[in-house]
Number of protein chains: 2
Amino acid sequence: MPAIGDVARLAGVSKATASRALTGKGHVAEATRRRVEHAAAEIGYIASPDAASLVTGRTKNVGVVIPFVNAWFFGEVLEGIERALIGAGYDLTLYNVPPGGDDARSRVFDFFLARKRVDALIAVGVDLDEHEVAVLDRRDKPVLCLGGRAPGAARLSIDDRAVAQLATEHLLHLGHTRIAHLAGPGAAASPHSVPGERRHGFLEAMAAAGLAPGGRANIVETPMTMPGGYAAALQLLGQPGMRPTAVVACSDEVAFGTMRAAERLGIDVPGELSVIGIDGHEHAEMFGLTTIEQYPEEQGRVAVEVVLRLIARGDEPDPLPDSGAPLPTRLVVRSSTSRPRR
Amino acid sequence: MPAIGDVARLAGVSKATASRALTGKGHVAEATRRRVEHAAAEIGYIASPDAASLVTGRTKNVGVVIPFVNAWFFGEVLEGIERALIGAGYDLTLYNVPPGGDDARSRVFDFFLARKRVDALIAVGVDLDEHEVAVLDRRDKPVLCLGGRAPGAARLSIDDRAVAQLATEHLLHLGHTRIAHLAGPGAAASPHSVPGERRHGFLEAMAAAGLAPGGRANIVETPMTMPGGYAAALQLLGQPGMRPTAVVACSDEVAFGTMRAAERLGIDVPGELSVIGIDGHEHAEMFGLTTIEQYPEEQGRVAVEVVLRLIARGDEPDPLPDSGAPLPTRLVVRSSTSRPRR
DNA sequence: TTGAAAGCGATACCAG
DNA sequence: CTGGTATCGCTTTCAA
């Protein structure tokens, strides 16, 4: 296994020069650099990142903490992050931290992330507490939250409240008045979580239309999955009487479940029930789902961009793009929403 | 940032003893060990994995190469692998290598994996060529394939051919004779790929029943996604005449798309069309899909088990469990298959 | 059981 | 622009 000394010897230079030539840091005569590079190629030299990390303190490795891999939104984000990191020459170390898995979670933060294996952390859809941030901070590892929050950490996200508000307004403008919301887990309990913000946006839009919901029967919480949405929608639509004419689902997957439940119950969409989702899921078009698109893969890309800036910074101010403006979203109207039937 | 020297000093021992006490390798008096551990805890000592790797050559890190993150099967496998690795104290470095992304792929193998950052590689659903294996081999990194193949590497997989055969037989036994197959991409071109093996199993079962397909019209290749299955099924079912009465889909997602297409065309499932999938997707129950389950998360777990054995081995023979028997699968009959209508 | 010292493989400072 | 050398933090002989 050739080391840099071998390269140096073969090229007839010192290790120092070989290093400079290979890393590109420091000045080396063009001719020398070529000789070194040739030598390296010839013996198949590959630098040891461990040795380099040991002295530089940088690992060219970013950690990603994510609550699910197998949910569309998170999978897209992860792919986006991975692509961008690889493109920048960084490795991605994956930590799956599902909600409620507190033991696994503290293990990740106190054992894995406390070591110096990563240069930074991207936390996707997770709220970090002070202790967790402190662990990273003490080691000078920048933290970037995508979607979630962490005390004192950089943060990138869409405006969840505004998005839910817009979704609701879309239905209101169509003439609906009996609108229900399928909220994510913990929406009522954690007002600053993604489900909480979306629920808030829904309520705000309803209130602004003078439709303060009597009782909470028209908000049902559900896991943000298709079977979750299916079950919740059955519950919501099953009883006749004051059945809603429209549903704001907290995610496209929940919306798909809702459409499926409607079908099961013989309720026509959009004739008898309008459904709007949030996400821009890749299946939305196929199902004709009206939704508010966000762009998770692109979000992953941007997150990497920001985090690399955070790593490289010489202490510039806020490295967030667009001075921290929310990430872009877009309403896409399809065939799952229409005016309520007379 | 405390180093092992600090721990040693505080505990009143040498670095050597501190190291032995902390790593558990080598004999240390019980009393001494406790003193060292106390000292370490007191100053918040955390070992530098880089320094350790530099001398041991082990990184406690396993690379995972996977073609998709955002497809149910692969997401499950990835979660299973992650959980098992973390449980064993290993980091997981993720490399997403989509089919056809040859540039990205060679970058991963020749740049990222050629370095000594990982102790082993798990390749999920990817075939590796000799060069790619050689890169790892030369560095003594074991390779384990899950689903795919690599020359000379350990391999774990279900029996794809038998699975497709069984799926087809299920339909045959129900009395179907006009059975179509929605195959994965490259099924005809690459007989040893997963889609290829499944296609083969389908054809074998058909031939065994004396139903050698006239023409290839009853095998359509499609991306293994729901929209893919939808489009392919529209094409397959759209023309009346010799429309099949049953479909073997190469995956559950394709099966879902097929069911959706049938619905769109007003074809009743299972009355006019039986559909069987392969995977055991978490939505299968909700859609009433008959399928052959495999257990991707569990497969991930087993893969980790094997790969850790590969890393640790003192050159024992075949470290595959069950002497290389195929991974378990199970037929689950639901409401998407029935006897053909008279 | 413990300690002293020799590396592991690179980078970076300081001279020249 | 280039070379010598200290250094990063740990593990591991080799002796005691």
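Letters A, B, ... mirror the listed sequences (proteins, then strands); counts begin at 1.
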Using heavy atoms to find the nearest nucleotide of DNA chain D for R33(A) and I46(B) separately, return the residue whose nucleotide is more 5′. R33(A)
Specify the separation, in whole Å, of atom CG of D6(B) and atom P of dC8(D). 11 Å
Just by distance, do the side chain of R105(A) and the backbone of V97(A) share a donor-acceptor pair under 3.5 Å? no
Between L136(A) and F109(A), does a side chain to side chain contact (heavy atoms under 4.5 Å, CB included) hold up when you go through it step by step? CA-CA 8 Å; L136(A) 281 297; F109(A) 280 90; 4.1 Å; yes
Whole angstrom is fine here: how far is it from NE2 in H27(A) over to P in dT11(C)? 17 Å
In sequence, state the C-alpha distance, the side-chain angles, and the governing distance for I66(A) and I81(A), and then conclude on side chain to side chain contact (heavy atoms under 4.5 Å, CB included). CA-CA 11 Å; I66(A) 202 163; I81(A) 292 177; 5.9 Å; no
Are L22(A) and V36(A) close enough, and set up right, to give a side chain to side chain contact (heavy atoms under 4.5 Å, CB included), and what steps lead you there? CA-CA 7 Å; L22(A) 262 9; V36(A) 172; 3.7 Å; yes
Just the rounded figure in Å: distance from C1' of dT11(C) to NZ of K60(A). 15 Å
I'd like a table of atom pairs between the protein and nucleotides 11-16 of chain D - only N or O on both sides, under 3.5 Å - with the distance next to each one.
from: dT11(D); atom 1: OP2; to: S19(B); atom 2: OG; distance (Å): 2.7

Would you indicate which nucleotide in dG9(D), dT2(C), dG9(C) comes nearest to any side-chain atom of S48(B)? dG9(D)
Closer than 3.5 angstrom, by distance alone: can the side chain of D119(B) be matched with the main-chain N or O of K60(B) as a donor-acceptor pair? yes
Step-by-step salt bridge (Lys or Arg N to Asp or Glu O under 4.0 Å) determination, R301(B) to E298(B): CA-CA 5 Å; R301(B) 221 214 67 229; E298(B) 168 68 8; 2.7 Å; yes
To the nearest angstrom, how far is D50(A) atom CG from dT11(C) atom P? 12 Å
In this structure, how many angstroms lie between the P atom of dT2(C) and the CZ atom of R34(B), rounded? 12 Å
Map A29(B) and L54(B) onto DNA chain C by nearest heavy atom, then report which one ends up closer to the 5' terminus. A29(B)
Base, sugar-phosphate alone, or nothing: which one does S53(B) contact when heavy atoms must sit under 4.0 Å apart? nothing
Is a side-chain donor or acceptor of S157(A) paired with a backbone partner of L146(A) at a separation under 3.5 angstrom? no
Using the rule given for side chain to side chain contact (heavy atoms under 4.5 Å, CB included), can you reason through K141(A) versus L113(A), listing the C-alpha separation, both sets of side-chain angles and the distance that settles it, and then say yes or no? CA-CA 9 Å; K141(A) 308 300 182 199; L113(A) 289 175; over 6 Å; no
Please round to 10 degrees the angle between the axis of the first five pairs and the axis of the last five pairs in the helix from dT1(C)-dA16(D) to dG16(C)-dC1(D). 30°
What residue among E305(A), E76(A), E297(A) forms salt bridge (charged side-chain N to carboxylate O under 4.0 Å, His left out) with R83(A)? E297(A)
Rounded to the nearest angstrom, tell me the gap between atom CZ in R9(B) and atom P in dC10(D). 12 Å
